[in-house]
Chemist: 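To start, I am sharing the structure in question, which I have written as C-alpha cells.
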2 protein chains.
Amino acid sequence: MEQQLREHLEQVVPLTDEEFALALSHFSGRRFRKHQFLIQEGHPVPCAYYVVSGLLKLVHTDEAGKQHILSFAMEDWWESDFRAYHTQTPASLALECLEDTAVFCLTLPDYHRLCAALPKLERFFLHKATLGSMAAQQRILSLLTTSARQRYEQLLAQHPALVQRVPKTLLAAYLGVSRETLSRLSA
Amino acid sequence: MEQQLREHLEQVVPLTDEEFALALSHFSGRRFRKHQFLIQEGHPVPCAYYVVSGLLKLVHTDEAGKQHILSFAMEDWWESDFRAYHTQTPASLALECLEDTAVFCLTLPDYHRLCAALPKLERFFLHKATLGSMAAQQRILSLLTTSARQRYEQLLAQHPALVQRVPKTLLAAYLGVSRETLSRLSA
DNA sequence: CCACCGGTGTGATGTAGGTCACCGGATACT
DNA sequence: AGTATCCGGTGACCTACATCACACCGGTGG
C-alpha cells in the first residue's frame, strides 16, 4: 500500500527513496469498514485522505434530510471536506464508507510540514488542486447545460464500473434527480 | 496597477522588491474594451489572466446556441479556460469583457518558469487553486440542493454589487434559469 | 419459516421552471 | 428626429422532474 502511494505521487513528481520515506512519515495508514464515517457533519476534520482501496461518498444532508452526493471517492482519489479541513472549522459534509476502505491520512499540520520539507510535494498538490478544480467546473457546466438523462448517460460512459458498484439511489443523489426518475430513465 | 498585483500576491506570500520585480517580469499588462474576447471557443488559450479592473464573463455556448455562464471575473480574480490552458488544447469556453477591462497576462511557459524561479509563487497558486476548487464545490452543492429562487437570493446576498453591474439575462445564464423565470422571481 | 429491510420498479398526480409570443421603455447609432 | 437594438416584464401553455403511494424481490437474522 506504500508502493501504491509512491506510484501515485510519482505520476506527478519523481522522488528518491529518501524523499519518499520522508513523505511517508507524514502519513498514517488506516482501515475502515462499510458504513463507518471518516468525517461527520458538524465535527472537526482532522485529515485529508488518500484512498488506497475501497469506496466512499462525500455527502451533504439538507434540512429536509435529503442526501446530496458531491463525489464518490475511489482508489487513488484524495478526499475530505476541504473547506472545513483548511479552515479548521466543523464539517458541513460527511465522508462515509460504501465499502471496506483503506486510506492514508494526512493531518493539516503534517500537510504544511510536508510542503515545507519537500517543496516537490507542493507541486504535486498544486497539480491535484488544478485538476480538481477543472473537474468541478466541468460538473457545474454539466449541471447547467444537460438533462438528468444526459448526465446519467455521461456517467455511464465515464464511470461504468461505478454504476455497478453503487446502488441506484446513490447515483440519483449524485446526479441531482430523484430515485424514481433515475429508475425511469433506463427505458 | 503593478501595486495592485503586488498586494494581491502578498495577501498570500510576502515578497521582497527583487522577488516582485522578478515575478512582474513574467506578466504583461493589457487592456480590452467591452465586447472584446480574451478567449474564443475553439481557439488556443495563450494566457491566464489576473483582472486588475473591469468585468468579464466565462461562458459556454451549447449546441442550441444558449449561453451558460461559469463565472463572472471581477477585480482581483484569476480567470481563463484553465482546462484548455493547462492542456494546451482549443478552448471550450469564451472569456468576454462585459466592461472595459485591464488585466495581467501570464502565458503557460511563463507560469512554469515563474514557479521554478520563485517557489513561493507555487504556494500562491496552490492557495488560489484550493480556494477555487472549494468555491466550485460549493456551487455544485448549491445547484444540487436549491431552487432557482434560493440561488438568486444567495447571489443577491453574496454579490449585491454584481447584480447591479450585470443585466438580468446574464444573471439568469449564471444561475441556470431562463431570463423569464428570473424576471418572475422578484415577486 | 417468517419478519424485516434495502434496493428497485411503476402508476397517479403536482409543480417549478422552460418556451414562445408579445409589449414597452431606454439607449445608442446615423 | 427616427430607427434599431438591448433590456426587462408578463401571459399562455408545455414538459421534465418531484412527490406520494404501493408493490415486488432477494437477502439476513431471529
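Both backbone and side-chain heavy atoms feed into the values below; hydrogens, waters and symmetry mates do not. To find a chain, count down the sequence lines: A is the first, B the second, and so on, and within it residues start at 1. Because the structure is a prediction, the values reported are computed rather than measured.
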Chemist: If I take atom CG in residue B/Asp62 and atom P in nucleotide C/dG18, what distance separates them, rounded to the nearest angstrom?
Modeler: 13 Å
Chemist: Are the side chains of B/Leu108 and B/His86 in contact, using a 4.5 Å heavy-atom criterion?
Modeler: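 Answer yes - side chains close enough.
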Chemist: Any cation-pi pair here, A/Arg30 with A/Tyr49, using under 6.0 Å and within 45°?
Modeler: no
Chemist: Less than 4.0 angstrom between a side-chain N/O of B/Ser183 and OP1 or OP2 of D/dT10, yes or no?
Modeler: no
Chemist: Have a look at the helix from C/dC1-D/dG30 to C/dT30-D/dA1 and give the angle its two end axes make, five pairs each, rounded to 10 degrees.
Modeler: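 Comparing the axis at each end, I get an angle of 30°.
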Chemist: Rounded to whole angstroms, how far apart are CG on B/Leu171 and P on D/dC6?
Modeler: 18 Å
Chemist: A side-chain contact here means heavy atoms from C-beta on lying under 4.5 Å apart; do B/Tyr152 and B/Thr146 qualify?
Modeler: no
Chemist: Could you give the NZ-to-C1' distance, from B/Lys34 to C/dT27, as a whole number of Å?
Modeler: 10 Å
Chemist: Kindly check if the number of other-residue, nucleotide or ligand heavy atoms within 6.0 Å of NE2 (B/His8) is above 12?
Modeler: yes
Chemist: With the sugar-phosphate defined as primed atoms, P, OP1 and OP2, and the base as all remaining atoms, what B/S/- string results for nucleotides 13-30 of chain D, 5' to 3', for protein heavy atoms under 4.0 Å?
Modeler: ----SSBB----------
Chemist: Quickly work out the A/Leu144 CG to C/dG18 C1' distance and round it to whole Å.
Modeler: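 After rounding, the reported distance stands at 15 Å.
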Chemist: What is the distance, rounded to the nearest whole Å, between atom CG of B/Leu143 and atom C1' of C/dG17?
Modeler: 15 Å
Chemist: Are any non-hydrogen side-chain atoms of B/Leu118 and B/His26 less than 4.5 angstrom apart?
Modeler: no
Chemist: Just wondering, do B/Asp81 and B/His43 contact through their side chains at under 4.5 Å, heavy atoms?
Modeler: no
Chemist: Pick from B/Arg165, B/His35, B/Lys34: which one makes a side-chain hydrogen bond (donor to acceptor under 3.5 Å, both in side chains) with B/Glu99?
Modeler: B/Arg165
Chemist: Around A/His68, counting heavy atoms of other residues, nucleotides and ligands shown, do more than 12 lie under 6.0 Å from its NE2?
Modeler: yes
